[in-house]
Structures are given as structure tokens and as C-alpha cells.
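Side chains included, hydrogens not; waters and symmetry mates left out as well; all remaining heavy atoms used. The chains referred to below are lettered A, B, ... by the order of the sequence lines, with proteins before strands, and numbering in each begins at 1.
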2 protein chains.
Amino acid sequence: MPSRQQKGNCLNLTKETRCMTCSLSSLCLPLSLNLEDIDQLDRIIKRRQPLKKGEHLFRQGDSFDCVYAVRSGSLKNYIMTNDGEEQITNFHLPSEMVGLDGIDCSSYPVSSRALETTTVCEIPYSRLQELSNELPDLRKQMFSSLSKEIRDDKQMMLLLSKKNAEERVATFLANLSARFKRRGYSPYTFRLPMSRNEIGNYLGLAVETVSRVFTRFQTSQIIAVNGKEVHITDRQQLLEIAGLSECEAETGAKLVAS
Amino acid sequence: MPSRQQKGNCLNLTKETRCMTCSLSSLCLPLSLNLEDIDQLDRIIKRRQPLKKGEHLFRQGDSFDCVYAVRSGSLKNYIMTNDGEEQITNFHLPSEMVGLDGIDCSSYPVSSRALETTTVCEIPYSRLQELSNELPDLRKQMFSSLSKEIRDDKQMMLLLSKKNAEERVATFLANLSARFKRRGYSPYTFRLPMSRNEIGNYLGLAVETVSRVFTRFQTSQIIAVNGKEVHITDRQQLLEIAGLSECEAETGAKLVAS
DNA sequence: AACAAAACATGACACAGCTCAATTACTTGT
DNA sequence: ACAAGTAATTGAGCTGTGTCATGTTTTGTT
């Protein structure tokens with residue numbers, strides 16, 4: 001199999017490196033594919049060596065040639081303002097697709113950087129495109145990913161333009177909780193992979209405000225925080241503050257068809 | 001040709017109702033198609049009777065079965081918060097696609113409503129999907145539309161989380177100006193199809209703030225406003241306030257491949 | 001273990017933009 | 001052409017959140 005471009009080193013583990021046996025396959029791109037199709041997809045996917053914390057998966061402006069799925073760890077995507085400030089546009093957890101918004105560009109429109117040690121599956125876009133020509137289900141799944149991201153973005157706009165600091169933080173925590181749950185982790189106790197600074201950046205708040213809201217929530221017995229460890233004590237009230245109904249809270253995962 | 005569903009009345013004008021002769025085809029879905037493919041696309045498109053100002057093209061929750069391209073007039077898309085407030089997520093001008101974010105849903109995730117008398121091309125999604133199975137260029141164009149929308153949304157997040165009132169309004173005007181220009185209208189003089197209230201809603205500002213910024217810009221000789229008529233007097237300064245470089249300002253159009 | 005650097009928390013204060021209120025200018029229907 | 005409702009403007013005052021300053025805790029390095 002001639003690879004177009006040897007970008008990063010490829011591991012060659014046997015078990016971990018097949019979609020077929022990956023515990024995330026029911027959340028990820030293979031979601032709606034049959035076994036045979038998964039096998040085809042598998043063949044074009046490269047598993048790269050883990051990214052260390054702070055390393056870039058790609059940078060805004062890098063030539064676009066691959067999309068990625070997170071296997072473990074987490075990423076932040078961000079764009080740069082003209083005066084050099086960064087604006088985080090998304091955090092990505094395992095099973096989520098990264099880089100799709102560059103699809104019709106020659107270069108990535110955002111940068112993506114590891115928040116911790118992170119492994120990804122690398123999918124050369126040209127191959128994915130060829131394959132999706134043959135597999136309608138794969139195509140459908142890609143459309144799903146894209147339109148899901150758009151819907152999430154609209155919710156983010158709502159958050160940024162209408163919600164106050166407490167509502168923003170509550171929404172953020174509820175969303176993370178739902179995403180962890182989908183992946184089989186506890187929705188009540190988890191570790192934040194990002195700093196307060198990054199949370200503030202993402203939510204359009206100053207770090208200090210995030211910090212204060214955390215302490216306020218802690219005082220009101222809604223959450224218990226210890227550094228990056230978060231325990232949700234009163235989920236009901238958290239959702240209420242977030243302005244989310246029970247069912248909205250369930251759809252916190254990215255890249256999941258309806 | 002058996003139509004799946006007779007939704008709204010279909011006109012049967014001869015000239016206006018062909019992509020082939022439509023002045024927008026170079027900006028719209030047919031963008032990268034050859035004549036034969038355009039003809040095929042043409043056959044599945046229905047032209048509906050104009051929407052009157054305030055009428056809905058679709059509502060959040062309506063069953064998803066069509067995507068649309070604006071022919072003339074304009075639309076606002078919005079979602080509802082749980083306490084019944086509306087959050088405008090987009091304005092749509094001629095040649096722009098509407099409804100794509102519902103692609104993997106059974107129902108539209110947003111509402112879309114005419115800001116003025118508006119005509120649209122209605123494209124039954126199931127037919128579009130069939131056709132896109134056969135036409136790679138069409139498929140590519142749809143992916144382009146989606147990823148472009150995601151990129152625009154990220155810019156909007158940046159605006160909402162980092163920019164102040166003046167920067168927001170300037171960005172908004174610069175963006176509209178660029179979109180009008182692409183469509184062959186003057187980038188300097190145009191009519192706002194939306195109210196101050198709607199601008200404020202979209203930009204995350206109170207109406208009063210929008211009004212004040214407009215007067216301030218007028219006083220500084222950057223624009224001349226008369227009701228909904230806007231004339232851009234000092235484009236350079238407008239872009240500067242918006243925090244946009246010249247080339248960024250050019251990409252204000254939605255749904256345009258790079 | 002000791003240090004440096006970064007991340008986090010908390011208080012005091014300022015100010016951009018919101019709210020409320022009042023006035024003026026448009027739209028729309030009859 | 002008029003009235004009545006709606007949209008836009010302008011002012012005054014308030015407030016949520018940013019900024020700045022300071023101290024504390026955590027993390028990473030040698």
C-alpha cells in the first residue's frame with residue numbers, strides 16, 4: 001500500500017489499530033458501516049505515535065491533507081485573532097472527528113493542539129474521499145459529522161450571546177459530563193483536561209470569572225472541585241442553571257448521528 | 001415526474017426557473033457542475049411561490065425533507081432558548097443554502113423566516129442525496145457548503161467572545177458589504193434587510209447599543225445611515241475597526257468554495 | 001528535595017454595555 | 001390622509017464581568 005505521504009511515524013500494533021476491535025467504533029466514523037466497509041476504512045487509517053501535551057496535530061495554515069479521529073487524550077482547536085490572541089473553538093474527546101472544517105480548503109483553518117498525551121487515527125482525506133465515493137454509508141456519516149458540528153456551533157453562539165457566566169460554566173460542565181457518559185465514563189466524576197484559562201477562553205470569560213463561578217458552585221453544593229477533578233453533586237440544579245432540559249443534556253456528544 | 005410531497009405551490013415560469021439561466025448559478029450549488037449535471041440538478045428543484053415578509057420557510061422541529069437556496073430576498077435563521085427568546089444564528093442572502101444543518105436529523109434544528117418578500121429554490125433532500133450519489137462534483141459542493149458554514153461559525157464565536165460592540169458592528173457591516181459585492185451589488189451602498197433589533201440579537205448586543213454604534217460611526221464619517229440604507233464612506237477604517245485584513249474582508253460570502 | 005514557573009483563587013475597583021424611560025421617526029392599514 | 005402600532009434614537013443610571021494586584025497552590029525540572 002503506497003502511502004501518499006509519510007507524515008509522522010506509524011505504529012504497527014495489531015489489536016489496537018483496527019476499527020473493528022476499537023472500543024470507540026460505535027461512536028466514531030465506522031458507526032453505521034458494516035464489517036466489510038469498516039475493513040476498507042481500516043486500511044486507509046494510519047495510527048500515529050502519541051502527541052505529547054502541547055504538541056500540535058496541525059496548525060492553522062498547514063496544508064490540509066488528513067482528517068483525524070481522537071483515540072485517547074484530548075485536543076483543543078483554536079483560531080488566532082489578528083492581534084495574536086487565541087480563541088478556542090472546540091475541545092475534542094475520544095471518538096470525535098477533527099479537521100473536517102478544512103474539507104474544501106487547501107489549508108487547515110484552525111490549529112489543533114494536544115491538552116495531554118493524545119493518540120489519533122489519521123485519515124488521508126484523498127483516500128477517504130475515494131472510499132466515500134464507494135460507500136454511501138460512510139458518506140452519510142461524514143455529512144452527519146459536519147451538520148452535527150454546525151448544530152453544536154449554533155448552540156455555542158447562543159451561549160456566547162445570551163448566557164451569563166454561571167449559565168456558561170454550568171452548560172460547559174453539563175456538556176462535558178454528557179460526553180464522558182457516552183464514552184462509558186462516569187458522568188458525575190471526571191478530570192478536566194483543560195486549564196481554567198482555556199475554559200475561560202472558550203466560554204468568553206476571564207479566568208478569574210471561571211474561578212469564581214467554580215467556587216460559587218462549590219459553595220452551593222452543586223459541584224465539588226479539587227483542582228482539575230470535578231464531581232457533580234447536584235446534577236439537576238446544574239442542568240437548571242445551564243438552561244438545559246433533561247433531553248438536551250443527553251445530546252452533549254459530538255459526532256453522533258441522531 | 002411524481003413529486004414525493006406537494007409542499008407549497010410550484011410556479012412554472014420558464015426562464016427564471018432554470019439553474020442554467022439563473023444569474024446566481026456561479027455562486028450557488030451548481031457552482032462546479034458541468035452543463036449536463038446542472039440539468040439533472042435542475043429537474044429535482046422546485047420553485048415555490050414567494051414567501052411574504054415574516055412567513056416561515058420552516059420551523060424548528062418541522063420534519064426535515066428539503067434544503068433550500070435563496071433566489072431573492074433574505075431569511076433569518078434562529079433557534080429558541082428554553083425561556084422562549086430567539087437567537088438569530090444566521091442571515092441568508094441570495095445564492096446561499098439554507099437547511100443543511102438538518103441533514104442528519106429528522107427535523108430542522110432551527111427556524112427560518114423571511115425578512116422581506118423572498119423566493120427560494122426547494123430541493124427535496126432525498127432526491128439531492130440520490131443525485132449526489134452519481135455526481136461527485138455535487139457532493140463536493142455540498143461538503144464545501146457545510147465546512148464553509150462551520151468556518152463562518154467559528155469566526156462568529158470569535159466575534160461573540162472577544163470583540164466589543166464597535167468591532168462587532170463593523171465586522172457585521174464589512175461582512176454584509178462583501179456578500180453584496182459578490183452578488184454584483186455595490187459593496188458601498190446597500191439596504192439592510194433586517195431591523196436593528198435583529199442585528200443586536202445576532203451580534204449579542206442590546207438594540208440600544210447597535211443604535212449608538214451606528215450614530216458613533218456616522219459621526220466619525222465611517223458610514224452614512226438613513227434608516228435601513230447604509231453607505232460606507234470609509235471602508236478602510238471600517239475594516240480596521242472590524243479587525244479584518246483586506247483579504248479576510250473578501251471572504252464574507254457564504255457557500256463559496258475556496 | 002528544592003526551586004522556578006505556571007496555574008489557580010480572591011479581593012478591590014472600573015467601565016462597557018444593559019436596562020429602563022421618554023421622544024421621535026417610520027410603517028401599515030383603513 | 002390619518003391613526004395606531006412598531007422601530008429607532010437618545011439619555012441616565014446600574015451592574016456583571018473584566019482588569020489589576022496579591023497571595024497560594026500545583027506542576028515540572030534539576
(message) By the 4.0 Å heavy-atom rule, please label Gly200(A) as base, sugar-phosphate, or nothing.
(response) nothing
(message) Once you apply a heavy-atom cut-off of 4.0 Å, does Ser211(A) come out as touching a base, just sugar-phosphate, or nothing?
(response) base
(message) For Gly227(A) and Val225(B), find the nucleotide of DNA chain D closest to each by heavy atoms; which residue's nucleotide sits nearer the 5' end?
(response) Val225(B)
Output the rounded distance in Å from [atom1] ([X]) to [atom2] ([N]).
X         : N       : atom1 : atom2 : value
Leu203(A) : dG16(D) : CG    : C1'   : 16 Å
Lys163(A) : dG16(D) : NZ    : C1'   : 18 Å
Leu192(A) : dC8(C)  : CG    : P     : 9 Å
Met194(A) : dA6(C)  : CE    : C1'   : 18 Å
Arg196(A) : dT24(D) : CZ    : P     : 19 Å
Ile199(A) : dA7(C)  : CD1   : P     : 13 Å
Lys162(A) : dC18(C) : NZ    : P     : 11 Å
Asn164(B) : dT17(D) : CG    : P     : 17 Å

Please confirm whether the shortest side-chain N or O distance from [X] to OP1 or OP2 of [N] is below 4.0 Å.
X         : N       : value
Thr209(A) : dG18(D) : yes
Arg212(A) : dA9(C)  : no
Thr215(A) : dT10(C) : yes
Lys228(B) : dC26(C) : no

(request) Measure the CG-CD distance between Leu75(B) and Glu116(B) for me, rounded to the nearest 0.5 Å. (result) 9.0 Å
(message) Can a side-chain donor-acceptor contact be found between Ser95(A) and Arg183(A) if the only test is distance below 3.5 angstrom?
(response) yes
(message) We want to know whether Thr171(B) and Lys163(B) form a side-chain donor-acceptor pair, criterion being a heavy-atom distance below 3.5 angstrom.
(response) yes
(message) Any N or O donor-acceptor pair under 3.5 Å from the base of dC8(C) to the side chain of Glu208(A)?
(response) no
(message) Whether Glu166(B) and Arg216(B) form a salt bridge (side-chain N of Lys/Arg under 4.0 Å from carboxylate O of Asp/Glu) is what I want to check.
(response) yes
(message) Please determine whether a side-chain nitrogen of the Lys or Arg among Lys148(B) and Glu96(B) lies less than 4.0 Å from a carboxylate oxygen of the Asp or Glu.
(response) no
(request) Report the residue (Lys53(B) or Leu205(B)) whose heavy-atom-nearest nucleotide on DNA chain C is the more 5′ of the two. (result) Leu205(B)
